[in-house]
Amino acid sequence: MIEVREGQARPRTEAEGRTTLHSFSFGSHYDPTNVGFSGLVAHNDERLPPGTGYADHPHADLEIVSWVLTGSLRHASDVGTGEVGPGWVQRLSAGSGVVHAETGSDTGPTRFVQAWVRPDESGLVPSWVREPVDLGGPGKGWTRVADGDGRGVVPIAARGTSLHVADLADAERLELPDRPRLHALVVAPPGEGVMVGERRLVDGDVARLLDEGGRSVTGVGRAQLVVWSFDRP
């Protein structure tokens, strides 16, 4: 089964110039039929004007993974402070509780994708890490950016869970990760994207795939695919 949710139809929050597209129920956007997908409890596509972001706020018992598409994102907390841009991944393990702030670039807009994943255990010691990621460009296939089994650029405390990212060229075919549950986001310039079956997905569109792992997708112009995979419900 493939369920597509177009970017323009996704729940949207606008505040202080920020725009957030949500994949699931979030804040005032409550839908009891859409509260998560496997281990994902939030998957937000954030667009920040220069110098804006989120002041100190708390989290607990979440693995929070941020992937910056444009601009930069500065993280500040008592478990670590630093900045990431395109080509870097950031992971915050909120564990027993942490307060942090996130701010975009002062010199231009910032767009980043942030996922909240349920950890296998509650009450872990909070930690923060950032690492560079080399996708290699179109034709290089998947890079496992975050992984719960020790095979990714950064670890997360959720076994059987992975974040895969790949760049596609026009007409390039790529097999999706071979796992039973996939959540895919398309990032692409206007008019470009990917074909999933007979469906064309463009920038901001997301797809949820059940038992479709290994299916081939095809680039239509340039595109990046940001895919979470799960080996269990």
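Being a predicted model, the structure only gives us computed values, none of them experimental.
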Tell me whether [X] is salt-bridged to [Y], with the criterion being a basic N under 4.0 Å from an acidic carboxylate O.
X: E6; Y: R199; value: yes
X: R159; Y: D120; value: yes
X: R215; Y: D178; value: no

(Q) side-chain contact (heavy atoms from CB on, under 4.5 Å), that's the test. Do V202 and E192 meet it? Break it down for me. (A) CA-CA 6 Å; V202 298; E192 304 181 34; over 6 Å; no

Sidechain-backbone polar pair: [X] side chain, [Y] backbone, donor-acceptor under 3.5 Å:
X: E172; Y: G139; result: yes
X: D45; Y: L21; result: no
X: E63; Y: I156; result: no
X: S105; Y: T107; result: yes
X: S77; Y: V79; result: yes
X: D61; Y: G123; result: yes
X: S127; Y: S93; result: no

Q. Per the side-chain hydrogen bond (donor to acceptor under 3.5 Å, both in side chains) rule, which among R208, R5, R10 passes with S23?
A.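 Exactly one option meets the side-chain hydrogen bond (donor to acceptor under 3.5 Å, both in side chains) with S23, and it is R10.
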
Answer yes or no: are there more than 12 heavy-atom neighbours, outside [X] itself, under 6.0 Å from its atom [atom1]?
X: E3; atom1: CD; value: yes
X: R151; atom1: CZ; value: yes
X: R111; atom1: CZ; value: yes

[X] side, atom [atom1]; [Y] side, atom [atom2] - distance, nearest 0.5 Å:
X: L48; Y: T103; atom1: CG; atom2: OG1; answer: 8.5 Å
X: L185; Y: D203; atom1: CG; atom2: CG; answer: 7.5 Å
X: T110; Y: L69; atom1: OG1; atom2: CG; answer: 10.0 Å
X: L210; Y: I2; atom1: CG; atom2: CD1; answer: 9.5 Å

Hey, are [Y] and [X] close enough side-chain-wise for a donor-acceptor pair under 3.5 Å?
X: S162; Y: R144; result: yes
X: R179; Y: S229; result: yes
X: W128; Y: Q90; result: yes
X: S72; Y: R74; result: no
X: T13; Y: R18; result: no
X: D167; Y: Q224; result: yes

(Q) Can you confirm if the NZ or CZ of R181 lies within 45° of the ring axis of F37 and under 6.0 Å from the centre of its six-membered ring? (A)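 Relative to the ring axis of F37, which defines the angle, R181 lies inside both limits.
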
Q | Residue among L209, V227, V206, V226 satisfying side chain to side chain contact (heavy atoms under 4.5 Å, CB included) with H183 | A |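 The single option meeting the side chain to side chain contact (heavy atoms under 4.5 Å, CB included) with H183 is V206.
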
**Q.** Sole candidate of H100, R130, E83 that passes side chain to side chain contact (heavy atoms under 4.5 Å, CB included) when paired with H75
**A.**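 Of all the options given, the one that passes is H100.
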
Cluster link [X] to [Y], ILVMFWY, side chain under 4.5 Å:
X: L92; Y: L62; answer: yes
X: W228; Y: V154; answer: yes
X: V98; Y: V84; answer: no
X: V65; Y: V113; answer: yes
X: L124; Y: V129; answer: no

Write down the atom of [X], the atom of [Y], and the distance for their closest heavy-atom approach.
X: D205; Y: G7; value: OD1-N, 2.7 Å
X: D106; Y: P50; value: O-CB, 3.6 Å
X: L40; Y: A115; value: CD2-CB, 3.8 Å

Q: Assess whether side-chain contact (heavy atoms from CB on, under 4.5 Å) is satisfied between E46 and S66, documenting all intermediate values.
A: CA-CA 10 Å; E46 301 274 2; S66 301; over 6 Å; no

Q. Any idea how H164 and W142 line up, ring-wise: parallel (<30°), tilted (30 to 60°), or perpendicular (>60°)?
A.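 If you compare the ring of H164 with that of W142, the planes turn out perpendicular.
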
Q: Over 60° means perpendicular and under 30° means parallel, so classify the ring planes of H59 and H57, tilted if in between.
A: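 Taking H59 first and then H57, their aromatic rings stand perpendicular (interplane angle over 60°).
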
Q: Quick one: do V133 and T143 satisfy side-chain contact (heavy atoms from CB on, under 4.5 Å)? Show the steps, please.
A: CA-CA 8 Å; V133 179; T143 297; 3.8 Å; yes

